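Encoded as structure tokens, the structure appears first; notes follow it.
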Amino acid sequence: MSKKEMIKTNLRGLKLVYSSLSIPKIFVILFIVFDVMYNYWGLFFASHLIDDLVLRVERERILGDFLGLTVGNGILYFAMCVVIKFYFYGGSMIWEDANHELNKKLMSMDYEYMESETIQNKRRDIDNMAREHGCGLNMLFWTATPFVERLLQLVVAGIITVQLFVKCLTAYKTQEWKGILIVLSFVAFLIIFLYVNQRMTQKIQAKINKSVEERLPYTRKYDFYVDEYIGREECGKTVRLFNQQSLLSETLNEIFKKVSKLLSRQTILEARMNQWAEGINVLISGMIYLLLGIMALKRVISVGSICLYAGCITNFLWHFQKWNQQVSLLKMNTKYVKQYLDFMDIKNKKYEGTLPVEKRDDDKFMIEFENVSFHYPGSEKNVLENFSIRFNIGERLAVVGRNGSGKTTFIKLLCRLYDPTEGRILLNGIDIKKYDYKEYLSLFSVVFQDFQIPAFTLGQAVAASQEYDGEHVNDAVKKAGLSSLAARMPYGNETYLTKEFDKTGVNISGGEAQKLAIARALYHDTPFVILDEPTAALDPIAEYEVYAKFDELIGTKTAVYISHRLSSCQFCNDILVIDDGKAVQRGSHEKLIDEEGLYAKLWKIQAKYYQKTQ
Ligand SMILES: Nc1ncnc2c1ncn2[C@@H]1O[C@H](COP(=O)(O)OP(=O)(O)OP(=O)(O)O)[C@@H](O)[C@H]1O
């Protein structure tokens with residue numbers, strides 16, 4: 001990344017950080033100013049006090065300097081305590097805030113990004129680096145503020161040190177002391193030292209940064225195995241039944257070995273950097289005190305000034321080292337600030353229309369797929385090809401077909417989770433892209449086969465919202481055949497659907513979760529109800545009940561069912577058979593069974609299993 005781009009990225013990041021800072025910005029400025037003052041206030045008054053005592057000045061002056069040192073430092077200390085509290089509170093909220101914005105972005109992104117591994121990996125990396133290493137906007141705040149603060153420390157220390165040179169120069173001119181050559185040699189030594197120090201610090205810091213980055217893929221792997229596999233209840237069964245313990249232990253061991261190797265390398269590097277800095281400081285401090293002692297003996301400076309100048313020069317060196325580290329960290333972190341900003345900059349591709357969806361009392365809606373072809377992003381193969389169908393409100397359309405034939409994709413297109421790559425989908429004769437997206441979506445209640453019931457209360461899960469109508473929830477729960485589950489709920493609709501957050505919560509079975517998803521669809525009372533494999537986890541009686549009652553529950557709504565159990569589809573007056581992305585057959589069960597086609601073939605194969613063998 002070029003320097004210009006680095007500065008631009010960090011400035012944009014800082015703008016974001018400071019615009020969302022939860023404390024008044026003045027506290028950050030006060031923190032910087034007080035911290036610098038705190039460093040020099042003591043030095044200044046201590047040097048004066050020493051001079052007062054050496055020169056035996058009047059008591060009032062000694063008392064004044066003493067009070068300046070103690071009371072002034074005390075007030076500064078107190079002010080710092082107040083400011084630090086706010087400063088650290090504000091800083092600690094940055095990570096949460098950035099994370100919150102990231103989640104908001106994630107939820108508002110086009111659905112196709114959710115299915116993109118590249119995008120998901122980017123999100124995981126941003127999250128990982130922020131959680132594990134504090135990188136991103138969080139680190140930007142914690143490095144940019146000290147960066148400015150140390151720069152100010154360097155300026156103050158520099159100004160005071162320049163006064164020392166002026167004194168040396170005056171002494172040289174007035175022939176009081178001819179040691180200017182010693183001072184100049186010391187300055188030359190310091191400049192060389194600062195240069196070497198800068199190179200060393202940046203080199204070591206770059207190695208530390210590299211080691212942090214090298215750990216990232218392993219952290220990602222570790223998170224996957226632990227959070228998404230070992231830690232998951234569903235996977236626990238497979239781990240035990242297939243005796244995967246040793247396979248997983250070995251895999252995790254490998255990851256641990258790599259991570260600990262990289263971690264120990266990082267620790268050694270950090271220790272080396274600190275050792276180097278401390279060793280050099282001890283050496284230089286000795287030289288500084290020797291030089292200042294000679295100057296005091298030669299009366300170029302006062303005895304008390306030894307304390308002031310020694311403090312300033314060592315401060316300068318210390319802050320220079322730390323400032324260098326800050327620069328390295330800022331450089332390293334720029335990549336993660338950019339990653340975050342780039343992620344937030346991802347633009348939704350979907351055209352969001354403005355046309356309001358016609359509110360019809362008679363719910364008369366007609367959907368038409370007109371020569372629709374579609375392939376997923378990053379793939380050339382058409383999943384749906386020249387697909388044309390039309391269906392009206394009030395119809396029950398069953399969609400059947402082999403695995404991977406494109407049934408779920410058909411639903412995704414219908415709900416505009418994706419747009420067709422060719423052709424159009426029309427609602428009452430108008431391209432669905434032209435409708436206001438949110439309004440269009442509000443026409444559908446969908447139960448997908450991979451539905452998730454979040455860990456909310458029963459009422460919230462059914463209503464999919466914080467606020468809900470209790471009566472309405474009870475009604476939907478009853479209709480979905482969940483009355484016995486509701487009776488088990490100690491706090492009714494307020495009971496959590498998990499024990500993870502609340503001991504009084506209730507864990508529900510897969511079949512109950514599926515019924516709950518159906519209750520959610522019923523609660524929303526939309527003109528279209530779409531059930532993608534809604535009964536896969538239901539027992540035969542429950543499945544029969546769902547289907548037997550569904551006609552009645554759905555009323556005048558349009559229903560689209562996807563099912564592999566052809567017997568379940570018989571109640572639909574209209575069955576669509578999809579094969580390899582094409583609509584190959586359509587009609588009633590009786591009609592399709594008489595045709596020589598895929599439906600009859602699938603029906604015969606399934607029926608065979610239910611017939612008695614002699
Ligand atoms: N996000 C995706 N990216 C790329 N290809 C995908 C994606 N989702 C599905 N596919 C592919 O599209 C094809 C159709 O998938 P789809 O889920 O629509 O089939 P389906 O008929 O619902 O299958 P099933 O009966 O197994 O649920 C499959 O070959 C699948 O691998």
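Whatever order the structure lists ligands and atoms in, that order sets their numbers, starting from 1. These numbers come from the heavy atoms of this one structure, side chains and all, not from hydrogens, waters or symmetry mates. Everything numeric here is computed off the predicted structure, so don't read it as measured data. Position 1 is the first residue of the sequence, and the numbers go up from there.
In terms of polar-atom proximity, defined here as any N/O pair under 3.5 Å, G404 does make such a contact with ligand 1.
Salt-bridge formation is detected for the pair E115/K412: a Lys NZ or Arg NE/NH1/NH2 atom is positioned less than 4.0 Å from an Asp or Glu carboxylate oxygen. The residues D345 and R12 are annotated as salt-bridged, a charged nitrogen and a carboxylate oxygen being separated by less than 4.0 angstrom. The pair K381-D580 meets the salt-bridge criterion, since a charged nitrogen lies less than 4.0 angstrom from a carboxylate oxygen. Ionic pairing of K104 and E101 is present here: one or more N-O contacts between side-chain nitrogen and carboxylate oxygen are shorter than 4.0 angstrom.
Contacts between V383 and ligand 1, counted as non-hydrogen atom pairs separated by less than 4.0 Å, involve the side chain only.
Interface atoms of ligand 1 facing S405, defined by a heavy-atom separation under 4.0 Å, are 19 (O), 21 (O). Close approach of ligand 1 to E115 (heavy-atom distance below 4.0 Å) involves ligand atoms 1 (N), 2 (C). Less than 4.0 angstrom separates some heavy atom of T409 from each of these atoms of ligand 1: 14 (C), 15 (O), 16 (P), 18 (O). The distance from ligand 1 to the heavy atoms of R402 drops below 4.0 Å at these ligand atoms: 21 (O).
Taking 4.0 Å as the cut-off, G406 counts as a neighbour of ligand 1 on heavy-atom distance. For E112, the closest heavy-atom approach to ligand 1 does not fall below 4.0 Å.
A side-chain donor-acceptor contact under 3.5 Å links Y340 to the backbone of A98.
Exactly one of I389, I575, V560, V577 qualifies for a side chain to side chain contact (heavy atoms under 4.5 Å, CB included) with V399. That residue is V560.
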